[in-house]
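Let me begin by presenting the structure, written as structure tokens, before commenting on it.
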Amino acid sequence: MTMKRKMRVIAAAAMAAVMIAMTGCGSSGEAEETTAETTGDGTYTVGIIQQLEHAALDEATKGFQDTLTEKLGDKVTFDYQNAQNEQANCATIATKFVSNNVDLIMANATTALQASAAATGDIPIVGTSVTDYMTAGVIESNEAPGYNVTGASDLAPVDQQIALLQKVVPDAQKVAIVYCSAEPNSQFQSQLAQAELDKAGIAWEEFTAADSNEVQAVITNAITDCDAVYIPTDNTMANNMEIIKNVTVPAKIPVITGEENMCAAGGLATLSISYYELGCKAGEMAYEILVNGADPATMPIEYVSENITPKYNAEIAAELGITMPEDMVAIGAEE
């Protein structure tokens, strides 16, 4: 048995244990009850599991829905469910989609993808807002997934992000890398950032929060001995950027984020992909599966390489007293 197959089996067992232990999602974040049936008459029902609500994931879902709607019109119906960042909710929703025999599952973010892969080996699954599918343990390789899972990766150019950090904070001597330890794709990005900082001769230290409750304490600790912060694309951190802003701005510590919406909510600068375009790419993949019979097992993981622009938060730059390079774009200035 290959390592990836073992990881997939372990993931399935974990999700099964969650389902056995549960009697429901509970009053907080309970999945909406909707009916989704496959008609077999040329129409399609697509189940969407979005791990939680924040701007980047919302944009990816919108891009996915817009693309399929443009291509299929009223022949496609979406059953959208938000898991409120709870693994148990993801498992419940995925199981419901399987029971309702949807034609395809779109899994938005890593936990949603893992729950979907654990729930079915038959229904096609297209992921989005997932950094590394192999780290998630749901495919054999990026070139040939080998299972019923494929999708679009939100892996940003981490090397360029670290170069951006050096550009806007040229005197940085030590960088804090901050992320949620429960998100394996964030750890993957952290490792990439560490390698780039090592190349640049800049010291670094990792700081991780287990969940949202630890974010304020972790970011407060991180800035005591570091003069810049790097936060990769991380759902927990994205959902707590206001807290991060309230700690880092008074301390005059610049934050470089892995994604634009995180930067807009409290970071200084970013160089990120468009999550709307990421969702569009996932929608195009879903269309190929639904209409043209493409097999997810042979569909390589896709990446977004267009429209990657260095941007900054003008309000934060002003509060930190930092003059940004002229070739960078203020977030919102292009609208």
Side-chain angles (χ1 to χ4, degrees), residues 7-8 10-12 14-16 18-19 22 25 28-32 34 36 45-65 68 78-100 102-121 123-139 145 147-155 180 182-186 188 211-212 233-239 259 275 278-279 281-283 285-286 289 296 301-302:
M7 291 174 68
R8 190 178 173 87
I10 291 170
M15 287 299 173
V18 169
M19 292 303 299
M22 291 172 51
C25 293
S28 175
E30 184 169 357
E32 299 174 7
T34 58
T45 298
V46 175
I48 297 176
I49 307 179
Q50 183 169 316
Q51 187 169 316
L52 72 161
E53 183 177 1
H54 68 67
L57 301 192
D58 293 346
E59 283 293 297
T61 292
K62 186 175 188 300
F64 178 84
Q65 291 179 308
L68 275 186
F78 301 104
D79 184 354
Y80 170 86
Q81 301 288 330
N82 189 315
Q84 306 298 327
N85 210 24
E86 293 290 338
Q87 182 184 58
N89 288 354
C90 286
T92 298
I93 295 165
T95 300
K96 183 174 81 73
F97 285 163
V98 174
S99 177
N100 289 341
V102 298
D103 295 295
L104 181 141
I105 297 173
M106 190 279 261
N108 193 346
T110 303
T111 301
L113 180 71
Q114 291 172 323
S116 300
T120 178
I123 295 174
I125 300 167
V126 176
T128 190
S129 310
V130 176
T131 303
D132 186 64
Y133 286 71
M134 292 189 68
T135 298
V138 297
I139 64 171
Y147 299 113
N148 60 318
V149 178
T150 188
S153 167
D154 67 354
L155 179 62
C180 176
E183 300 190 30
N185 282 290
S186 299
F188 175 77
D211 53 35
S212 293
T233 52
D234 181 286
N235 293 309
T236 300
M237 295 300 158
N239 219 28
E259 186 271 313
Y275 274 73
L278 185 73
K281 190 171 287 289
M285 299 176 79
I289 293 168
I301 301 302
E302 297 273 2

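FYI, the numbering just counts along the sequence from 1.
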Taking [X] for the side chain and [Y] for the main chain, is one N or O donor matched with an acceptor at less than 3.5 Å?
X    : Y    : result
T95  : A91  : yes
Q81  : G47  : no
Y275 : G63  : no
N148 : P124 : no

### Message
As a quick check of understanding, evaluate side chain to side chain contact (heavy atoms under 4.5 Å, CB included) for L68 and V46, giving each step before the final call.
### Response
CA-CA 10 Å; L68 275 186; V46 175; 4.2 Å; yes
Which atom names give the shortest non-hydrogen contact between [X] and [Y], and what distance separates them?
X    : Y    : value
A282 : G127 : CB-O, 4.0 Å
A136 : Q114 : O-NE2, 3.0 Å
Y133 : T150 : CE2-O, 3.9 Å
T236 : C180 : OG1-SG, 3.5 Å
M106 : T128 : SD-CG2, 3.6 Å

### Query
Do L104 and V126 pass the side chain to side chain contact (heavy atoms under 4.5 Å, CB included) test, and can you show the C-alpha distance, the side-chain angles, and the key distance before you say yes or no?
CA-CA 8 Å; L104 181 141; V126 176; 4.0 Å; yes
Just verifying a value: how many Å separate [X] [atom1] and [Y] [atom2], rounded to the nearest 0.5 Å?
X    : Y    : atom1 : atom2 : answer
I289 : I123 : CD1   : CD1   : 12.5 Å
M237 : E259 : CE    : CD    : 14.5 Å
I301 : K281 : CD1   : NZ    : 12.0 Å
I105 : S116 : CD1   : OG    : 4.5 Å

How about [X] and [Y]: do any of their side-chain heavy atoms sit closer than 4.5 Å?
X    : Y    : value
H54  : N235 : yes
I125 : P296 : no
T45  : F78  : no
K96  : D79  : yes
L113 : V149 : yes
Q84  : L52  : no
Q65  : I48  : yes
D132 : S153 : no

### Query
For E183, which of T131, T233, T111, D234 qualifies under side chain to side chain contact (heavy atoms under 4.5 Å, CB included)?
D234
#### Entry: Option among T110, N82, N85 that satisfies the side chain to side chain donor-acceptor pair (under 3.5 Å) test with Q51
N85
### Task
With sequence neighbours excluded, tell me which residues meet side-chain hydrogen bond (donor to acceptor under 3.5 Å, both in side chains) with T61.
Q50, N108
### Task
Would you sort out whether S129 and L278 count as a side chain to side chain contact (heavy atoms under 4.5 Å, CB included), showing the intermediate values?
CA-CA 7 Å; S129 310; L278 185 73; 4.1 Å; yes
